[in-house]
Amino acid sequence: MEIQERILKLKKERGALLLSHFYEPAEIQDIADEVGDSLYLAQKGQSANHPVVLLAGVVFMAESVKILSPNKTVLVPDLNAGCSLVDSSPADQYRQWRMKHPEGICISYINCSAEVKAISDVICTSSNAEKIVNAIPKHRPILFGPDKNLGRYLSKKLNREMILWPGSCEVHVLFSSRKLFELKTNHPEALVLAHPECDETVLDYADVVGSTSLLLKTVEERPEKTFVVATETGIFHQMKKLRPDAELIQAPFQSSCACNDCPYMKLNSLEKIESALQTLTPEVQLPTQLMEKAKVSLDRMMALTQGQSVQWPESFSAPTVSI
Ligand code: 13P
Ligand code: SF4
């Protein structure tokens, strides 16, 4: 039996839902029940009736599903699949920063640890970030972390001042705005697409800035035949499927490396997925009290995403969760 067939069989036996992010290797995307951006995966993981969710992505994505659905068994192919944004926002330092502005509302990008979620007022992803920022009362200062590039982009676009945490994505900051300008000059017919984790100088040259799902939708719907894409390489798999007629050009890097692979997303493999379904490990496990605290900010995100209103705390008081 081929590994794909074995995985499908195991998935059935375990009652497991297999979710994949767009940055995963193509063969993983192809056997997943759902492929999507981080918001979509969190929503699908939460609403699933399956007792087991296997999230092929990075660990913070699986943690979000676990926090939203603590009774499910949430598996990841590799617990080392981290994220540079998580690494650049240690919870103790984030808490100190948060405590300097107790009257502010802290929006944290979903690319952060459960501990950071527990000391945030609300979470956002790149697909709902504008909605979340617009929901913050105008008189309240906004703290935004850990991605300074997404924060700066939102601040400029929505004309809201923000106190930014200085984190960034190690993959998206490597695109070169100078080379992108040259490429754009040589391909005036091309539409430039960029993920908001890119540096501001790259975003300035982009025609469309948005989440992985928005970039895909743009490729699907726009009439242009050439697209320059400034995001992680995994997304090309779905883009090619949607627009086999289009020329898809990877945005250039500062060096000559092919560094558009997220090293964490690419830790996952079919072999690790098969093993996770066989052994029900590695499993995402978090302390109950921490999950309860972190769920507050994730629940607010889900409510605002659905157009519901939420209550904001008057000021920040550090939770007693040990982090
Ligand atoms: P999306 O939510 O747009 O899929 O982004 C997730 C991510 O990690 C981008 O680097
Ligand atoms: Fe994190 Fe960047 Fe990888 Fe996305 S691409 S998971 S932000 S390191």
Side-chain angles (χ1 to χ4, degrees), residues 19-25 28-29 32 34-46 55-65 76-89 107-113 116-117 123-132 144-151 153-154 165-175 193-199 202-203 206 208-219 229-239 250-251 253 257-268 298 301-302 305:
L19 301 175
S20 168
H21 189 264
F22 291 127
Y23 294 166
E24 286 297 295
I28 294 182
Q29 295 188 39
E34 302 276 356
V35 188
D37 68 11
S38 31
L39 177 64
Y40 185 80
L41 298 180
Q43 289 169 327
K44 285 288 159 188
Q46 183 178 25
L55 200 144
V58 288
V59 170
F60 76 78
M61 295 177 176
E63 283 179 349
S64 299
V65 173
V76 286
D78 192 323
L79 271 178
N80 295 314
C83 169
S84 64
L85 281 163
V86 176
D87 295 342
S88 62
S89 50
I107 308 177
S108 294
Y109 191 33
I110 197 164
N111 301 38
C112 64
S113 65
V116 163
K117 288 183 176 77
I123 303 303
C124 74
T125 74
S126 47
S127 59
N128 61 16
E130 292 187 26
K131 208 175 205 175
I132 305 290
F144 190 97
D147 188 12
K148 65 176 181 195
N149 289 317
L150 173 60
Y153 168 75
L154 292 165
W165 177 266
S168 57
C169 160
E170 67 181 55
V171 179
H172 285 86
V173 294
L174 295 178
F175 294 107
L193 316 176
H195 195 278
E197 289 171 12
C198 294
D199 189 79
V202 168
L203 296 180
V208 178
V209 176
S211 63
T212 48
S213 49
L214 183 92
L215 301 186
L216 264 173
K217 193 166 176 274
T218 305
V219 166
V229 184
T231 192
E232 210 267 357
T233 176
I235 199 139
F236 284 91
H237 183 56
Q238 299 296 332
M239 284 184 174
Q250 174 69 65
F253 288 96
C257 68
C259 15
N260 55 330
D261 269 328
C262 170
Y264 313 105
M265 291 278 184
K266 299 302 196 268
L267 278 178
N268 298 331
L298 274 167
M301 172 183 86
M302 291 301 194
T305 305

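Both ligands and their constituent atoms are indexed starting at 1 by order of listing.
Of all atoms in ligand 1, numbered sequentially from 1 with element shown, those under 4.0 Å from a heavy atom of S126 are 1 (P), 2 (O), 3 (O). Close approach of ligand 1 to E197 is summarised as follows: ligand atoms under 4.0 Å from at least one heavy atom of the residue are 7 (C), 8 (O), 9 (C), 10 (O). Near H172, with a cut-off below 4.0 Å to any heavy atom, the atoms of ligand 1 are 10 (O). Close approach of ligand 2 to S84 is summarised as follows: ligand atoms under 4.0 Å from at least one heavy atom of the residue are 8 (S). In the vicinity of S211, heavy-atom distances shorter than 4.0 Å reach the ligand 1 atoms 3 (O).
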>> Under the criterion side chain to side chain contact (heavy atoms under 4.5 Å, CB included), I'd like the reasoning laid out for L39 against S211: C-alpha separation, chi angles, the key distance, then a yes or no.
In response: CA-CA 10 Å; L39 177 64; S211 63; over 6 Å; no

>> side chain to side chain contact (heavy atoms under 4.5 Å, CB included) for H237 and F22? Distances and angles first, verdict last.
In response: CA-CA 8 Å; H237 183 56; F22 291 127; over 6 Å; no

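Residue E197 places a heavy atom less than 4.0 Å from ligand 2.
Nearest protein heavy-atom neighbour of atom 2 (Fe) of ligand 2: C169 SG, 2.3 Å. The closest protein non-hydrogen atom to atom 1 (Fe) of ligand 2 is C83 SG, 2.4 Å. The protein non-hydrogen atom at the shortest distance from atom 3 (Fe) of ligand 2 is C262 SG, 2.4 Å. Among all non-hydrogen protein atoms, the one lying nearest atom 2 (O) of ligand 1 is S38 OG, 2.4 Å.
Under a 3.5 Å cut-off, the side chain of K148 and the backbone N or O of W165 do not form any donor-acceptor pair. In this structure, the side chain of E34 does not engage the main chain of L19 through any donor-acceptor pair within 3.5 Å. Using modelled atom types, no side-chain atom of Q46 and backbone atom of L41 make a donor-acceptor pair closer than 3.5 Å.
T212 and D37 are not linked by any side-chain donor-acceptor pair at a separation below 3.5 angstrom, with hydrogens and angles left out of the test. H172 and T231 share a side-chain donor-acceptor pair at under 3.5 Å. E24 and N268 form a side-chain donor-acceptor contact under 3.5 Å, judged by distance and modelled atom types alone. If you check the side chains of E170 and Y264, you find a donor sitting under 3.5 Å from an acceptor. Between the side chains of T233 and Y23, no donor N or O sits under 3.5 Å from an acceptor N or O.
Under 4.0 Å from ligand 1, the heavy atoms of H21 that appear belong solely to its side chain. Looking at N111 against ligand 2, only its side chain comes within 4.0 Å, counting heavy atoms. The part of L85 lying near ligand 2 is the side chain, judged by heavy-atom distances below 4.0 Å. Under 4.0 angstrom from ligand 1, the non-hydrogen atoms of Y23 all belong to its side chain. For N111, every heavy-atom contact with ligand 1 shorter than 4.0 Å involves the side chain, none the backbone.
A distance of 12.0 Å separates CG of L150 from OG of S168, quoted to the nearest 0.5 Å.
Geometrically, ligand 1 and H195 share a nitrogen or oxygen pair separated by less than 3.5 Å. Looking at ligand 1, you won't find any N or O of D37 less than 3.5 Å from one of its N or O atoms.
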